[in-house]
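Following this message is one structure expressed as structure tokens.
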Amino acid sequence: MKKRKRVNQRFVEIYETKIKEYRKDYYKNIVNLTSAHDNKAFYLLINILPIIVCAIIALMGGLSISSQIFATIVFIITNIVCKIIFKTPSLAPTNNYLKEIMKYGYYSIEDYENKLRKYVTGPDGYYSYLLADIMEKYNISDKTRQVSGIHGELYYIWTNKRQDTLLMLNSRTNEKPEIISIRFVNIRYFRVDNYNKEIVLKTDLEEYYFKLDALDTINEYLKEKRFENIKDFKPEDHINDFELYMHKIKSDVINKAQKNKDEYNKYLCQIIFYLIGLVIINFTKVYIKEHLALLNFVNFLLFIMFMINLKKLIYTSILPLMNEDDYIKILNTDEKCKARFNELKFALGIKDSYDRVYSNEGACYLTWVANGYFHIFLNLIYFNVVYMAIRTSDVLYYVKNGHECDVKLRDKTLTFNKDAIEVFSKILPNKDYNWIKGFKNK
């Protein structure tokens, strides 16, 4: 085991709590970025130069009230322009990552990544020693079996003594080493996804993805959980899992908005504090001339702190209140949400090749008839899953009604746009209202 060196605990804590998520977003979008925007001189220019220029303007004006007001106006305009420029989609991940690390004195991603390797992710970093501690505690050695994740993970994998829990530990120190503990009763299934060339392990809360060469190992531990071997199929379990995940996403969005609001309010309070200080010091200078040099020095410090916090306020936006359309857009563009949704459709046996019908609002439904049931599934990622399997005997009829097509069931009526009648005439040929009416009148 490695001898533990002194850990820069503050650096690790700041990374884990403040920076890690921004870094993940940056690397997730790295293909859209260019190295030109990771230039130390470039970011020093846009972040330090406006403060220097405005400080010079105020000093050249003798720190008069008018010079400070003019400098503040220039500072605000400059930063708003910079914010608009660096709000572009291709620069946003870089800008957010840099904006966060700059709070702690790093003016390029390269500088921060070097320190990160030294203190956290490298061979002598905190994660390396943490991994060694965990391996010693669980008696993990090079003889312990390993499986590869699709995102570069290399997991040690084993079971506990009672053989009722699967345990995994990522041996790569680019992420914090943690034991992943999955009880067998919480595993829904695992399957081979030949299309994406991967293995999907689905639990009630998470989904894990492995490379195909992990099949023999996973099959050895979880043979009875292979999708083809599952006999007790409960659609409601898969639907509940998905809805819980969707609500977690909503909660994360709300928490992020609240965090931004709290940060915005913090900078606003600091601005007010320094503004009050500036007002007091400038009025004091009018009536007290004996210590003008000292008062100007205090005035200058307050003005610099005022501008620093003003800059932070400009770059911290309060996220607007989200409506249902906003949430739908977020959920349907998020890659993890789309992967979860596709896995839900697989678990429920829903194929994209099924016929599509639309509501008058434009919502897409997949529909088909199989094994004596009429199926309807809302093909939209949302917090609630709409999936109905109705006995065809409980479908009374369908009928075109103006700009709508109604499907009458025993206990409710489903309404779609008028074009849906073409689909229903194909999959429910003997449920046409006019046909039934004519048949009864014979």
Side-chain angles (χ1 to χ4, degrees), residues 8 10-11 13-14 17-19 22 37 39-87 91 94-112 115 259-318:
N8 189 328
R10 174 168 167 75
F11 185 93
E13 183 180 345
I14 290 172
T17 60
K18 305 289 187 182
I19 295 173
Y22 292 104
H37 299 296
N39 183 285
K40 183 187 294 187
F42 178 73
Y43 277 94
L44 279 170
L45 183 71
I46 67 163
N47 286 283
I48 303 300
L49 189 60
I51 293 178
I52 294 174
V53 170
C54 292
I56 291 172
I57 291 173
L59 287 172
M60 288 180 65
L63 286 174
S64 65
I65 294 175
S66 59
S67 68
Q68 291 177 69
I69 292 174
F70 177 69
T72 300
I73 293 171
V74 171
F75 187 73
I76 291 172
I77 293 173
T78 303
N79 279 284
I80 288 175
V81 170
C82 288
K83 181 180 179 179
I84 292 171
I85 293 172
F86 295 102
K87 204 74 173 178
L91 294 179
T94 310
N95 192 39
N96 290 336
Y97 183 23
L98 271 167
K99 183 178 74 173
E100 201 63 26
I101 64 178
M102 282 168 57
K103 294 177 183 178
Y104 304 98
Y106 300 93
Y107 291 98
S108 81
I109 290 174
E110 183 182 0
D111 283 353
Y112 186 79
K115 284 291 176 66
K259 181 182 176 182
N260 272 42
K261 185 177 179 181
D262 292 343
E263 193 173 52
Y264 186 91
N265 289 336
K266 180 184 76 173
Y267 294 140
L268 183 60
C269 288
Q270 289 175 346
I271 284 172
I272 294 171
F273 172 79
Y274 288 116
L275 188 58
I276 292 172
L278 285 170
V279 171
I280 292 172
I281 200 74
N282 276 281
F283 272 102
T284 303
K285 283 163 57 177
V286 172
Y287 297 102
I288 300 177
K289 304 294 185 181
E290 294 83 9
H291 306 288
L292 192 58
L294 177 61
L295 291 172
N296 276 331
F297 177 72
V298 175
N299 188 169
F300 183 71
L301 290 180
L302 288 172
F303 184 67
I304 294 296
M305 294 305 299
F306 171 74
M307 286 196 296
I308 289 172
N309 283 278
L310 184 58
K311 178 182 177 61
K312 291 178 179 178
L313 185 76
I314 291 170
Y315 277 84
T316 304
S317 303
I318 294 181

With sequence neighbours excluded, residues passing side-chain contact (heavy atoms from CB on, under 4.5 Å) with T316: E263, Y264, Y267

- prompt: Rounded to the nearest 0.5 Å, what separation is found between the OH atom of Y22 and the CD1 atom of I109?
  reply: 14.0 Å

- request: Determine, stepwise, if the pair F303 / T72 fulfils side-chain contact (heavy atoms from CB on, under 4.5 Å).
  value: CA-CA 9 Å; F303 184 67; T72 300; 3.5 Å; yes

statement: With sequence neighbours left out, the residues meeting side-chain contact (heavy atoms from CB on, under 4.5 Å) with K261 are Q258, N265

- request: Could you tell me which non-hydrogen atom of A55 sits nearest to which non-hydrogen atom of F300, and how far apart they are?
  value: CB-CE1, 3.9 Å

message: Just verifying a value: how many Å separate I77 CD1 and I73 CD1, rounded to the nearest 0.5 Å?
response: 7.0 Å

- line: To the nearest 0.5 Å, atom OG of S67 lies from atom CG of L59 at 8.0 Å

Can you give me every donor-acceptor pair (side chain of residues 270-288, partner residue at least two apart or in another chain, under 3.5 Å) with its distance?
residue, atom, partner, partner atom, Å
N282, OD1, Q68, NE2, 3.1
N282, ND2, L278, O, 2.7
T284, OG1, I280, O, 2.6
K285, NZ, L63, O, 3.0
K285, NZ, N296, OD1, 2.8
K285, NZ, N299, OD1, 2.9

task: To the nearest 0.5 Å, tell me how far E100 CD sits from I19 CD1.
output: 6.0 Å

query: Mind checking whether N309 and L313 have side chains closer than 4.5 Å, heavy atoms only?
result: no

message: Just checking Y97 against Y106, ring centres under 6.0 Å apart?
response: no

field: Nearest heavy-atom neighbours spanning V74 and C54
entry: CG1-SG, 4.1 Å

- request: Could you tell me whether the side chain of M307 reaches within less than 4.5 Å of the side chain of I304, counting heavy atoms only?
  value: yes

- request: Output the distance between atom CZ (F11) and atom OH (Y104), rounded to the nearest 0.5 Å.
  value: 11.0 Å

CG on N79 to CD1 on I51, rounded to 0.5 Å: 7.5 Å

